Structure formats: C-alpha cells, structure tokens
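Remarks on the structure that follows.
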There are 4 protein chains.
Amino acid sequence: MENKREVHASVKDERLVEKRRDQMIRGAVSLFKQKGFHRTTTREIAKAAGFSIGTLYEYIRTKEDVLYLVCDSIYEQVRLELEELDTDEGTVDGLKVGIAHYFQVMDRMQDEVLVMYQEAKSLSKDALPYVLRKELEMVAMVEKLIVRCVETGELELDEHQIHMLAQNVFVQGQMWGFRRWALQKRYSLQEYIDLQVELLFSGITGFEKQRRTGGVV
Amino acid sequence: MENKREVHASVKDERLVEKRRDQMIRGAVSLFKQKGFHRTTTREIAKAAGFSIGTLYEYIRTKEDVLYLVCDSIYEQVRLELEELDTDEGTVDGLKVGIAHYFQVMDRMQDEVLVMYQEAKSLSKDALPYVLRKELEMVAMVEKLIVRCVETGELELDEHQIHMLAQNVFVQGQMWGFRRWALQKRYSLQEYIDLQVELLFSGITGFEKQRRTGGVV
Amino acid sequence: MENKREVHASVKDERLVEKRRDQMIRGAVSLFKQKGFHRTTTREIAKAAGFSIGTLYEYIRTKEDVLYLVCDSIYEQVRLELEELDTDEGTVDGLKVGIAHYFQVMDRMQDEVLVMYQEAKSLSKDALPYVLRKELEMVAMVEKLIVRCVETGELELDEHQIHMLAQNVFVQGQMWGFRRWALQKRYSLQEYIDLQVELLFSGITGFEKQRRTGGVV
Amino acid sequence: MENKREVHASVKDERLVEKRRDQMIRGAVSLFKQKGFHRTTTREIAKAAGFSIGTLYEYIRTKEDVLYLVCDSIYEQVRLELEELDTDEGTVDGLKVGIAHYFQVMDRMQDEVLVMYQEAKSLSKDALPYVLRKELEMVAMVEKLIVRCVETGELELDEHQIHMLAQNVFVQGQMWGFRRWALQKRYSLQEYIDLQVELLFSGITGFEKQRRTGGVV
DNA sequence: CATGAATGAGGCTTCATTCAT
DNA sequence: GATGAATGAAGCCTCATTCAT
C-alpha cells in the first residue's frame, strides 16, 4: 500500500531536493496564508523560496504539486508533534494532558492548518486520498488515547462513543484556529482548553464528579 | 449599521434584478459545488443561469459579487430554516429537539454550507464582515435555546459554558457535512444525532443521569 | 465518413467565423512562409490577422488548429484551381494542357504548397489523415486525366503505369516549388513545363513520335 | 572555397570530438525521426547520446549545430553509398543498374532522408548553403551516369534533358520515402523500381523498343 | 573533461470585463 | 435590457544555455 504520492523532481541529488522543497514549502505556506492557493502565482512561490521560476520547476511538475507538498508537510509536522503526546498512561488525567497538548499544537500551527483545510479541496482527485489518509491517522492518534482509558477501566464508553469523541476533540482543535475571529477574542488558549475539557469530561465522568475534581489541566 | 452590502446592478427594475440574481445564484451554487469558486468562470455562471455573459454583468460588477450573493443567499436560507427551531420552551427536551432539527438542516444543506465555507475566504476584506456577522447571528440562535434552559433552571451553566456549547453544537452541525467522508460512511444521520446529543448531554446533566433517561430524541 | 475535422470556435456567427479565419489563415501563411510553424508565435499570428490574441483564441482552440486550417485551406485552393483542369476530352493534347495547367497552378501557389509540406508533419495524429486524404484526391484528379486518354485509346497503359505516372506528374509539380533554388534559376516555368512534358510523353508515345510532333503546349 | 562549416567544440581532442559527435548524431537522428527537430529537446539529445547536457555543450554551441551535424552526416552517408554506383560503363543497362541502386539506397535510408528534408529548413541562413551544395553534388552523381551514356552514344539527349532527367530520378528516389504512405502500401520496392525505370526509359529510348527489350533490371 | 543545477526569456492559453449593436 | 465578440493582462510551464564544482 503506497503511503506517499511521489512528486517528480528533475534534480537527482536527494539531499538537495529535500532542501529546496523545504524552502519552497516555507515560502508557499506563507503566501497561501495571505492570499490562498489560487491567488498565489508560481513566480511568487519561486521568489519566496529564494530561487527562480526555472529552478522551482526542477523540483515540481505542476503548481498543484506545491499544494500537495505543503499539505503533506503540514500533516507531517502536526503528526510529529502529536507523537510526543503518545504517553502510554491510560488515565483520565493523562488523556486531559494529551488533549491539552493537542490543542496547544493546533494553536501553534493554526495558520498552517487553516491553509491546509482551505486549499486541500484544490488537490486533484489523485492526491486527495493521501491527504485524507493522513487525516484519519491523526484522528486515530486521539482515539488511541481514549481507548486506553477505556481499556484500563477509567472510562466506560462503547466503540461508537469513542470514535465520535475522538472526532469531536479533533475538530475542536481545528476550530480554535478556524473560528479564531469568534473564539480568540473571547478566550485565551488556556481558557479555551479548560472550558472544552470541562465540557467534554463532565460528559464522560459526570458533571458533578468533575465539579469536585476542580481545575482541569 | 448597514446590514447588507449592496451589490450594484445596472438594471433598474427591482423585480427583474431579484429574478435574475436568483437564476444566477442557483447556477453558481451548483457550479461552485463541483469546481469551487476559482475554477468556475463567469461564462459558465452566465450559462448556468440561463443568460449571456453580457447580461450577467448587468446584475453584478465583478465575479466576487457572485460569491457574495451566493454566500448571502445560503446564510439566509439556513437562517430561515433555523428560525422555525425557535420554539420558546426552555426545556432540555426542547433543546434536544432543537439541536436535532439544526443537524437535520445542516444535513439537507450540506453542499451549500460546504461551498460557503470553502469559498468565503475568497471574499474581499470588504465583504467578509457581512458574512461573519451572519455567522454570529446563527450561533446566537443556538445559544438562545441553551440560555432559555438555563433561565428556566433546567440547566446550570455559566455564561462561558453556554457560549462554548453553542459554538460546539454549531460546529458539530457543520462537521457532519465537512467530514462526510469520515462520518457519513459510518453513521446514519439519526445515529450521528443520537450520539452527539448523548455525548453532549451526558456532559451537561451528568452521564449517569443521562444513562437512566434513555433514548435521546 | 467524416470529410473534415471541425475546429471549434467560441463565436457563433458562422459568417464571422469564416471571415476571421480567413484573416487568420492569410496572416499565418505569410508568417509560416518566413519562419515556419514552430518559430511563429500565436501572438504574431493574431497580429498578422489583425486582431488580438484573445480574439484569435475565440476562433481556434490550440495553435495546431491554425496549422490545420492553413493546410486545409491551401488544399482547398489548389483543388479548386485544379477542378477547372477537368475538361472531359480524353486526348493526349488535352492531357498535356491539363498538366501544363497544373504546373502553372503549382507555380502560382508554390509558397503555400511549400508551407504545407514542410509543416504538415507537425499536425497531430488526429489531423493528419484529413490532410492525406486531400492529397490523394488531388492525385486522383491527375490520374483521371490519364485514365480518359487510355479509355479513348489515345494511350496504352496498364493500371500501375497510370497510377505511377499520376504520382510522378503530381510530384513534378511540387518539385518546381520545392527545388526552386535548383530549378528556377535554370529554367523559366514554360521551359520547365515543356521539358517535363517532353520527357514524360516521349516515354508514353515514344520519343521519335514525340520529336515529330514538335512543340508541346 | 570552404567545403564545411566548422562547428565549434570546446574539447580539443579531435578523436574524442568525433566519437562524441557520432554518439550525438546517432541519438539525434533517432529522436528527430520520431518528433522532429523542434519537438526534440537538447536534454533528450544528450540523454540519447549517452552523456549529460553539460557535455553536449562541450561539443556544440547551439541546438542548431546538432541539426547541421545531422544533416551533414546523412548526406555524407548517402554520398558514400552512391559513390559505389559510380561504375564507369556508359551503357543504358549500367544506367539502369545505377538508378536501381540509388533507389535501393534511398529505401534503406528513407528515415534519415525524411528527417533531413523535413528539418533542413530550420537551418540558419548560415548553414543552408553547405547543405544545398551537398544536394547538388548528389544530383551531379546521377547526372554523370546519364552523361556517360550520351557520350558513348547510347542515348541522345541534350544538356537540358540530361539535367532534368537527373533531377527527376533524384526526386523519384526521395519520393519513395516521402510518399511512403501512398506508395509503399501499393508497391514493393522492386515493383517501384521496375515501374519507374520502365516509364523513364520508354521515354528515353522509345516505348516500343523498351517493350521488346523485356525486363528492366 | 564531465556533470547537472540554475536561470529566465518567452511560449501558449485563459478569462474577467467591456462595449457596440 | 440583452447579446456576444473583442480585448489583453496575467498565469503556467518549457527549454536552450551557462557555469561552478
């Protein structure tokens, strides 16, 4: 099972390809943030990356390749950050810490995540599946945290509830960035985390118990 | 305070303007669904609307006007649908019914909502505020339902919790459409509603209590 | 059996399409003469045609369409000119007159014919057959002249000889233009015609007889 | 009088230059056959030749140099093959054998000849004369065969007839390749040779006589 | 001598917008 | 009011050529 769609580069030197693509992605993300994929020209991307349009096309085949590489790279970054979150506890407090950590990652990368979700639809039918798979992987990481708590008996949830909760948490992380205009002028990140975890957990372990437990994270 | 950004039309006959814009919006939505705003040409819009490119420009000034009109129209439709949801009960069961209704609306209009959110970012700085205001209005409608339950004493939530819950519910409604590739192959709409309401309310009134209460909607 | 490959035009008005394509072809032929198809830019074609690049693309879809239209048009012109040659005599003298006429046409249109043969190879696999069919039609017109002489008994030739002669005559007509650098500085057109007809007919009716017959055309 | 246009090479080692150019020409001919000069890139040429683009440019100055070298090389090959044809007989049968031989050479090299004639027009004003001169040399070789027959009294032709005949024969040789789509599905090479020689000679020595003489080659 | 990464001019094509009819 | 032909700026991409290693 292929796990990556390879983007063709004319240049052979693998190390150089990596380096140039890095420059490219960095430049592109910053541009896509400002103007979106469609309003950004290939020349602007090349310039932002620090090389000529000709050189850009030594490392990609079409403009869409840039978008794919950007999406791929962002997912990878997020995934790497989230891997740290993978502490094998299986306690409710561990889960809370995990969620808080995830929200923090999504805060730090909100621009990138925004870009990715706004533009991913412009990926061709060819590239979309690879991106969606990454997405699922990430939800699965959240899900695993919950599953452990169920396995250790700390939480009592059926399969559907677990999955739905994972999706909700995942979306709430993105929501912090997507709806920043509504949320971030009202709450600090910490407030947002506390509030969401509270609402979430008062649902899982019971609101009363939650209330007694006090502070969340 | 302006509540609408007027889109200029050369044609004077108001009735005609409305009719033509209706044709235009209908065509544009269908096109934007398929290919997005940027990949849709003005000629295609005119054709889908059933008149010539020249005529199209009698009713708008720029392509972006079409997008604005589309977004505006979709919001209006959603808002109208949601207004029915405004039954003045203030009971938890009424709230549940309200949420279920909202999810059903979002299911029915998922294409339109998808279009709006994917493309709204392409609105100029000029038009964006009008769209965001509509958005807030809608969240407020959900919020009102919750507030009533608090006022009647059926729920005990502070202001922040109320607001956050409203946002969560609102986002979960959109989520059904946005993440259809992940959700809709796993759950039917009714299952989704039940699951979300359950998770939500077991958080609000306590999971144990919820469990005893039984079926959700 | 399709007899033409239609070139798509966005413009509806048939008369206008014809007019614009005429301008286009005229300009393109003149440019192709000078620099060949590949070295001619679409902008140059538009300019030579007397309209903008945008307008050019209202009447064609790709640059290759121009080449196809040019080839098609030249063939058509040649074919029309040759149709006059179709006098139903069936005499050797009539054949000679016909050949002479053909050579004169090829002299008049040598630039166009040159262009066509030099560039036709750049036509896509899609368009080539249409051009080759035209070519065969033209050879057939020459062949018919010979066939008649055989039918009336003025010449005694078998099928293969007839066909080969037709091809030879056809090629000798083109040769006058293709090898102008070698031929036209040595012979006038009339000399060329006389010489070729003489060589040709001394082969058909016998050289001695030819000699007695005297002047050719 | 210069007989060659020198193509500049940075590399000094003459033997190496020759070797590399040989590789280059071989690769280029094969590519030009498939896609023509303009559609072939220098990178492709380098790759087909078996070295890098950088190396390619050590042996030429511009892409056009490749074309010149290719044309030059093909002519040289053809000329060498034709030189064998130069048997000093001066008989009609010798002439027939010579013509047959020439047609066979043109059959064997039809791809190369096709390439050369299709692309030679892309040579700069600078290089063209050298190619045309080669062309004339070759016609002269055919002409010489005829001249000898006239000198020995086997044929009775004036200067113009001789020259024209030589051109005709020369062109008929090329025609076999150029019009292969029309000729080669109808005749075998041998049939083509027989037919052409028959038509040619029945014109020169009289058709009746030819008929009695029987087989041609 | 050989390599191949870098360059950027320039080619083809699209499409939002205008305006004469 | 409606039409659709005309416009040209601007976008994507290619490829001949150079030059540092």
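Small disclaimer: the values here were computed from a predicted structure and weren't measured. Letters go in sequence order (proteins before strands), and every chain restarts at 1.
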Rounded off to whole Å, could you give me the NZ-to-C1' distance for the C:Lys35 and E:dG10 pair? 12 Å
Short heteroatom pairs, N/O only, protein and nucleotides 18-21 of chain E, under 3.5 Å:
none

Heavy-atom donor-acceptor pair, A:Gln34 side chain to A:Ser30 backbone, under 3.5 Å: yes
Quick test of your reading: applying salt bridge (charged side-chain N to carboxylate O under 4.0 Å, His left out), list the pairs with at least one residue in residues 32-55 of chain B, sequence neighbours left out, ordered by first then second residue. B:Lys33-B:Asp111, B:Lys33-B:Glu112, B:Lys35-B:Glu44, B:Arg43-C:Glu58
Spacing of D:Ser122 atom OG and D:Glu64 atom CD [to the nearest 0.5 Å]: 8.0 Å
For the residue pair D:Tyr68 and D:Tyr130, does the interplanar ring angle fall in the parallel (under 30°), tilted (30 to 60°) or perpendicular (over 60°) class? perpendicular
Can you measure B:Glu14 atom CD to F:dG1 atom P for me and round it to whole angstrom units? 10 Å
Of all of residues 41-50 of chain B, which get a heavy atom below 4.0 angstrom from DNA chain E, listed by number? B:Thr41, B:Thr42, B:Arg43
For residues B:Val7 and B:Arg61, determine if any side-chain heavy atom of one lies less than 4.5 Å from a side-chain heavy atom of the other. no
Please classify the nucleic acid contact of C:Thr62 as base, sugar-phosphate, or nothing, using heavy-atom distances under 4.0 Å. sugar-phosphate
Side-chain N or O of A:Lys12 closer than 4.0 Å to phosphate OP1/OP2 of E:dG4: no
Tell me: CG of C:Leu56 to P of E:dG11, nearest whole Å? 15 Å
For C:Lys63 and F:dT14, what is the distance between atoms NZ and P respectively, to the nearest whole Å? 16 Å
Residues two or more places apart in sequence or in another chain: which of them pass side-chain hydrogen bond (donor to acceptor under 3.5 Å, both in side chains) with B:Thr62? none
Is the distance from OP1 or OP2 of E:dT3 to the nearest side-chain N or O of D:Ser52 less than 4.0 Å? yes
For B:Leu128, which residues count as a side chain to side chain contact (heavy atoms under 4.5 Å, CB included) partner, sequence neighbours excluded? B:Leu123, B:Leu132
Side-chain heavy atoms of B:Cys71 within contact of B:Ile74, under 4.5 Å: no
Examine F:dT3: is either OP1 or OP2 under 4.0 Å from a nitrogen or oxygen in the side chain of B:Thr55? Give yes or no. yes
Would you mind listing every ring-ring contact (aromatic ring centres under 6.0 Å, His included) that reaches into residues 13-34 of chain C, with sequence neighbours excluded? C:Phe32-C:Phe37
By the ring-ring contact (aromatic ring centres under 6.0 Å, His included) test, which pairs, at least two apart or in different chains, include something from residues 42-67 of chain D? none
Which nucleotide in E:dT13, F:dG1, E:dT3 has an atom nearest any side-chain atom of B:Val11: F:dG1
Going by the rule ring pair (Phe, Tyr, Trp, His ring centres under 6.0 Å), which residues pair with C:Tyr117 if we only count those two or more places apart in sequence or in a different chain? C:Phe178
Counting N and O atoms only, with roles assigned by atom type, does the side chain of A:Glu119 sit under 3.5 Å from a partner on the main chain of A:Leu67, one being a donor and the other an acceptor? no
How would you list all residue pairs meeting salt bridge (charged side-chain N to carboxylate O under 4.0 Å, His left out) that involve residues 10-23 of chain C, not counting sequence neighbours? C:Asp22-C:Arg26
NE2 of C:His38 versus P of F:dC15: gap in Å, rounded? 11 Å
Tell me, which of residues 16-28 of chain B have any heavy atom that sits under 4.0 Å from an atom in DNA chain E? none
Value in whole Å for how far the C1' atom of E:dA2 lies from CG of D:Asp13: 14 Å
Sequence neighbours excluded, the answer for side chain to side chain contact (heavy atoms under 4.5 Å, CB included) partners of C:Ala48 is C:Leu31
Rounded to 10°, the angle between the first-five-pair and last-five-pair axes of the helix from E:dA2-F:dT21 to E:dT21-F:dA2 is 0°
Gap between atoms CD and C1', on B:Glu64 and E:dC15 respectively (whole Å): 17 Å
Whichever of D:Ile60 and B:Tyr59 has its nearest DNA chain F nucleotide further upstream toward 5': B:Tyr59
